[in-house]
Every structure is written in C-alpha cells, then in structure tokens.
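Both backbone and side-chain heavy atoms feed into the values below; hydrogens, waters and symmetry mates do not.
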Amino acid sequence: MRFVHRLLAATAALSLLVSGCSATRTDSASADHPDPAGQPSSAQPSTAQPSEPQPSSEQPPESTNPQVAPRFEIVAGGGTDANATQALGAKIGGAVWDIEFARDGTANLLINSLDHKRLERIRPDGTRTVVPLDQAWRMGTEIAVGPDGSAYIDLRIGTKKNTVYRIKPAGSLEPVIDYDTAISGLDDSASLQAAPSNGEQSGQAPSDFTAFTVDPAGRLVFAVNVNGKAQAGAVVRRVEADGTVRTIAGKPAKFTTVDAAKAATPAAIWPPAGTRALDWTTTATMRITQLESQPDGTITLGTDGVISGAVDFSVLAITSSGTVNRLAASQLTGSASFGAQVAEAPFTREGHIQAIGVLSNGMSAAAGLLAVGTTQPPPQDTSRYYNGKYTPGQRAILGKARGRAIRLIRPDGSFSTAALGENFVLHGGYLYVVERNSLADELVLGRVKIPA
C-alpha cells in the first residue's frame with residue numbers, strides 16, 4: 001500500500017538515472033525505535049462480528065454531531081502485555097511499514113522495531129499471531145497478501161539485492177523471486193541504485209522492487225525501474241505459474257538529457273485512455289510506487305514523476321484486457337499547492353482532487369473508492385476524529401498520535417478527510433488506520449465505517 005513521496009531523493013537521482021549511472025532508493029528516516037515506555041491499561045473483552053477484526057466492546061458516548069463524527073473503533077493494541085494472544089490486550093510497539101488484509105479478514109501488519117522485526121496477524125476473531133523476521137534482514141517497505149492468505153514481503157541481507165519472500169498462513173517462509181531474476185531479459189545495468197547510507201561502499205548498494213502486489217490468481221505482480229544503456233523507465237512484470245517472468249506494462253525510453261526525460265514525463269504518468277499497456281512509454285524521471293490488485297483482475301497503479309522541478313502524481317489502472325487507463329483521481333498533483341486544509345469533522349466534503357495536496361504515505365483502492373495519504377497536518381482539535389470510548393491505554397496513544405490526513409476520494413472526484421493516521425487500508429466497508437504514539441513507541445489499529 002505504500003506510495004511514499006521523496007522529492008529530494010528523486011531530484012538528486014535524476015542526472016544519474018538519465019545518464020545510465022546507478023542510484024538506489026533509500027529511506028532517510030529509520031523505523032527503528034527504543035523500547036516502549038508507556039504502560040497502558042488492558043482493553044476489555046470484545047463481542048465483534050466474526051467477519052472483521054474485533055473492536056472494543058465499549059460503546060461511544062453521545063456525539064454532538066453523529067452525522068459527521070462516526071465512531072472510531074479500536075481493534076488491536078493499547079493493552080499491557082507485549083506477548084498477548086488477544087489483540088485488544090496486546091501492547092504493540094514499533095513502526096508499521098505497511099498493512100494489508102487477507103480475504104478472510106485477517107489484518108497483516110509489517111512492523112519494524114529495533115529488536116523485533118516481525119509480521120503481525122490480527123484475525124477476525126481478535127486473536128493475534130506474530131511471525132518473527134531474522135534481525136540480519138533489512139526490512140522492505142512493502143507487503144502484499146495472496147488469495148490463500150500468504151503474505152509477501154521484500155527483504156535483503158547486507159549488501160545482497162533484495163528478494164520477495166512468501167510467508168504462508170502457518171508461518172513458514174520461502175523465497176519467491178530475487179531481484180536478478182526479476183529483471184532478467186531487461187536492459188538493466190543497476191536499477192535505481194542510490195548513494196549508500198549504511199556504510200556500504202559505493203557501487204554495492206542493493207537494487208530493489210519499487211512496488212508489488214498479488215493478483216486474484218495468486219501471481220506476484222511487481223514494478224522495477226530500468227536504467228540501461230538503451231532504455232530507462234518503469235515496467236510492471238508478473239511471475240507466471242510456471243515461474244517465468246514477463247512484462248505486462250511499461251515501455252522504457254531513453255533520453256539524452258534530464259530535460260528531455262522531464263518533458264516526456266507528463267505523458268508517461270497521464271497516458272491517453274486505452275493506451276496498450278505494453279506500448280505505455282515510461283521515463284527515467286518517473287517511478288511506479290504503488291500496485292494494488294482488484295478482484296476483477298485490474299491492477300491499480302500509483303506513479304510519481306518529476307515535472308518542472310516538482311513531483312506530480314497519477315493513479316492509473318492496468319485492465320485485464322491489457323490497457324492502461326486513468327482513474328477518476330489520476331490528476332492528483334503536489335506541485336500546485338499544499339492542498340486544502342483538514343476539516344475538523346471527518347467525512348466533510350472538502351473539495352475536488354485538484355486541491356487534495358501532496359501525497360505522502362499510501363494508497364488503497366476498493367469498491368470504487370480511493371484512499372490516499374497526504375502531508376496535511378491534523379486540525380488543532382482532533383477529538384472529532386477519535387469519537388469513541390476507550391481504555392486508558394488506548395486513549396493515551398490516541399492523545400499523542402500525530403497522524404496526517406487520509407483523504408477518501410469518491411468516483412465523482414470529490415474528497416474528504418476520512419481519518420488521521422500513519423498507515424491505512426480499505427477493507428469491508430471500513431477504513432482501517434494505524435495510530436501511533438512515537439514517543440512511547442506504541443500503536444493501535446482502529447477502524448471507521450465509511451458512510452454510504
């Protein structure tokens with residue numbers, strides 16, 4: 001679900017990308033944090049419906065405006081026991097890098113902390129299981145979930161190029177595809193390698209996948225950036241049932257100058273409707289940063305591109321018939337303005353997608369709706385966004401949470417702020433949101449029902 005905007009890193013890498021030199025995407029901020037310091041109280045038992053992770057059973061107080069202040073329910077975290085098997089009794093620390101749901105309603109959270117990198121699964125009945133990840137691995141930022149409930153994550157060890165691994169529902173881990181196999185057959189010299197930030201020698205920084213998902217048939221679909229002698233740009237590829245890899249979208253082009261690549265980028269991130277996916281020309285000054293699989297086989301695709309010194313975004317769709325189309329929200333732009341302010345009450349219509357603001361931390365598509373993260377800070381009074389009755393431990397986390405605006409875009413192009421948070425995903429008519437007290441290194445997973 002990640003759709004992260006790094007303007008400075010993208011700008012610094014432009015000359016390297018166009019000239020064929022190597023650069024790697026690096027995160028400037030670490031997700032590692034000290035041990036949790038807070039001591040929240042345990043949550044009450046839950047009586048949730050079996051189809052969703054169980055929320056707190058406590059009822060919300062009377063709202064002053066229930067039409068625009070729906071209940072924000074907590075489904076995990078805020079407890080006192082780090083080893084609790086019940087999600088509402090658990091004290092959950094670390095930073096969530098991504099969250100996705102399985103078909104059976106199990107939430108999968110990819111969490112990174114200093115001493116406990118792990119995959120957490122919150123089942124619909126409220127039980128919690130933890131799959132530890134070897135601390136020698138440097139965690140990837142992506143997670144995808146297959147039809148059988150397996151979780152796919154990208155991991156690397158030391159200076160080795162990263163590999164996508166599959167974690168089965170029972171917890172076993174196996175490799176699916178490594179980076180060298182992923183780019184096999186492409187004219188690629190060292191896709192998107194950047195200056196190392198962890199003490200590695202120049203030229204040894206690992207390459208990585210820029211996004212991936214799993215389609216309804218259980219096939220891994222991924223994006224990489226090609227930077228070779230004859231071409232440079234983004235491609236989407238798929239691992240077939242027999243293990244072969246083929247390109248399903250993207251036709252990288254080569255430009256002799258950065259300015260030439262920038263000039264071609266608007267057409268690349270906003271292609272004409274019905275463009276054949278394999279004829280979709282991509283450039284060195286754009287990236288595919290998000291892939292989401294839909295039940296009908298459509299792949300929702302997020303891009304960003306450097307245009308006239310700024311970064312613009314688009315949301316596209318690769319159809320099952322092999323074309324690339326713009327979605328209703330394909331004209332998201334971060335270059336025009338900082339965006340509309342956040343309304344004090346959730347789901348208040350705030351404007352059209354042109355004024356949505358700069359995208360920052362994610363994208364999720366479901367049932368004709370699109371949720372995107374933005375850089376917009378929360379309003380001064382956040383109480384309307386946390387309308388509910390919570391345990392002391394949950395309230396302590398919510399009171400210190402400083403999540404940015406999560407916008408919900410409707411098919412008509414209008415948007416509203418649906419929640420505040422760090423990570424999010426649409427599932428089953430709800431928007432699930434991770435709220436985090438970074439000082440105490442503690443988090444909760446909550447949800448808000450999306451109005452009809």
Q: So F313 and T303, do their side chains get closer than 4.5 Å, heavy atoms only?
A: no
Q: Taking side chain to side chain contact (heavy atoms under 4.5 Å, CB included) as the criterion, tell me which of V130, T129, T127 meets it with R121.
A: T129
Q: R287 and T210: side-chain donor and acceptor closer than 3.5 Å?
A: no
Q: Atom CZ in R402, atom CD in E422: separation rounded to 0.5 Å?
A: 11.5 Å
Q: Show your working on side chain to side chain contact (heavy atoms under 4.5 Å, CB included) between I450 and L426 and close with a plain yes or no.
A: CA-CA 9 Å; I450 296 173; L426 292 168; 3.4 Å; yes
Q: For the residue pair V342 and P379, what are the closest heavy atoms and their distance?
A: CG1-CD, 3.6 Å
Q: Yes or no on side chain to side chain contact (heavy atoms under 4.5 Å, CB included) for F72 and N387, after CA distance, side-chain angles and deciding distance?
A: CA-CA 5 Å; F72 186 83; N387 178 34; 5.6 Å; no
Q: To the nearest 0.5 Å, tell me how far R395 CZ sits from K389 NZ.
A: 9.5 Å
Q: Roughly how far, to the nearest 0.5 Å, is CG of D296 from OG of S320?
A: 6.5 Å
Q: Should the pair Y432 and Y430 be assigned to parallel (<30°), tilted (30 to 60°) or perpendicular (>60°) ring geometry?
A: tilted
Q: Does NZ or CZ of R407 come closer than 6.0 Å to the centre of the six-membered ring of F415, within 45° of the ring's axis?
A: no
Q: Look up atom CG in D412 and atom CZ in R349, then write down how far apart they are to the nearest 0.5 Å.
A: 5.5 Å
Q: Does N325 use its side chain to pair, donor to acceptor, with the backbone of G274 at less than 3.5 Å?
A: yes
Q: Quick check: does any side chain N or O of T374 sit under 3.5 Å from a backbone N or O of A405, one acting as donor and the other as acceptor?
A: yes
Q: Could you report the tightest heavy-atom contact between A217 and P147, atom names first, then the distance?
A: C-CG, 4.5 Å
Q: Is the backbone N or O of A268 less than 3.5 Å from a side-chain atom of T265, with the two atoms forming a donor-acceptor pair by type?
A: no
Q: Kindly say whether T375 contributes a backbone atom to a donor-acceptor pair with the side chain of R404 at under 3.5 angstrom?
A: yes
Q: Should L291 and T300 count as side-chain neighbours, where that means a heavy-atom distance under 4.5 Å?
A: no
Q: Name all residues meeting the ring pair (Phe, Tyr, Trp, His ring centres under 6.0 Å) criterion together with Y152; count only those two or more places apart in sequence or in a different chain, and write none if there are none.
A: none
Q: Show the numbers, then the answer: is there a side chain to side chain contact (heavy atoms under 4.5 Å, CB included) between V236 and I318?
A: CA-CA 10 Å; V236 180; I318 303 173; 4.1 Å; yes
Q: Counting N and O atoms only, with roles assigned by atom type, does the side chain of E73 sit under 3.5 Å from a partner on the main chain of V448, one being a donor and the other an acceptor?
A: no
Q: If you measure from the Lys or Arg side-chain nitrogens to the Asp or Glu carboxylate oxygens, is any gap between E344 and R384 under 4.0 Å?
A: no
Q: Salt bridge (charged side-chain N to carboxylate O under 4.0 Å, His left out) between R436 and D441: does it pass, once the steps are laid out?
A: CA-CA 7 Å; R436 183 165 178 261; D441 191 27; 2.9 Å; yes
Q: Do T417 and Y385 make a side-chain contact, defined as non-hydrogen atoms from C-beta onward lying under 4.5 Å apart?
A: yes
Q: Is it true that a side-chain atom of S293 and a backbone atom of T213 form a donor plus acceptor pair closer than 3.5 Å?
A: no
Q: When you compare the side chain of N162 with that of D178, does any pair of heavy atoms fall below 4.5 Å?
A: no
Q: Indicate yes or no: at least one non-hydrogen side-chain atom of V372 is less than 4.5 angstrom from one of I356.
A: yes
Q: Pick from V224, T282, L316, L301: which one makes a side chain to side chain contact (heavy atoms under 4.5 Å, CB included) with I288?
A: L301
Q: Check whether T382 reaches the backbone of P378 with its side chain - one donor and one acceptor, N or O, closer than 3.5 Å.
A: no
Q: How many angstroms lie between CG in D215 and CD1 in I299, if you round to the nearest 0.5 Å?
A: 6.0 Å
Q: For side chain to side chain contact (heavy atoms under 4.5 Å, CB included), just list the numbers for F222 and R238, CA-CA rounded to whole Å, side-chain angles, deciding distance to a tenth of an Å, and then say yes or no.
A: CA-CA 6 Å; F222 62 89; R238 185 171 67 206; over 6 Å; no
Q: Is it true that the side chains of R237 and T247 contain a donor and an acceptor less than 3.5 Å apart?
A: yes
Q: May I ask you to test the I74-L88 pair for a side-chain heavy-atom distance under 4.5 Å?
A: yes
Q: Looking at every heavy atom in both L431 and A371, which two are closest together, and how far apart are they?
A: CD1-CB, 4.2 Å
Q: State, with a plain yes or no, whether a side-chain heavy atom of I177 is found less than 4.5 Å away from one of F209.
A: yes
Q: Can you tell me which residue among N423, I99, V433 is in a side chain to side chain contact (heavy atoms under 4.5 Å, CB included) with L445?
A: I99
Q: At their closest point, which heavy atom of G403 faces which heavy atom of L420, and how far apart are they?
A: O-CB, 3.8 Å
Q: What distance do N108 atom CG and F101 atom CZ have between them, rounded to the nearest 0.5 Å?
A: 8.5 Å
Q: I'd like to check V315 versus E292 (side-chain heavy atoms, cut-off strictly below 4.5 Å). Are they in contact?
A: no
Q: Tell me the closest heavy-atom pair linking A90 and R128, and the distance in Å.
A: CB-NH1, 3.5 Å
Q: Grab the two heavy atoms, one from P124 and one from D104, that are nearest each other, plus how far apart they are.
A: CG-O, 3.0 Å
Q: Are any side-chain N or O atoms of T283 and backbone N or O atoms of T285, one a donor and one an acceptor, separated by less than 3.5 Å?
A: yes
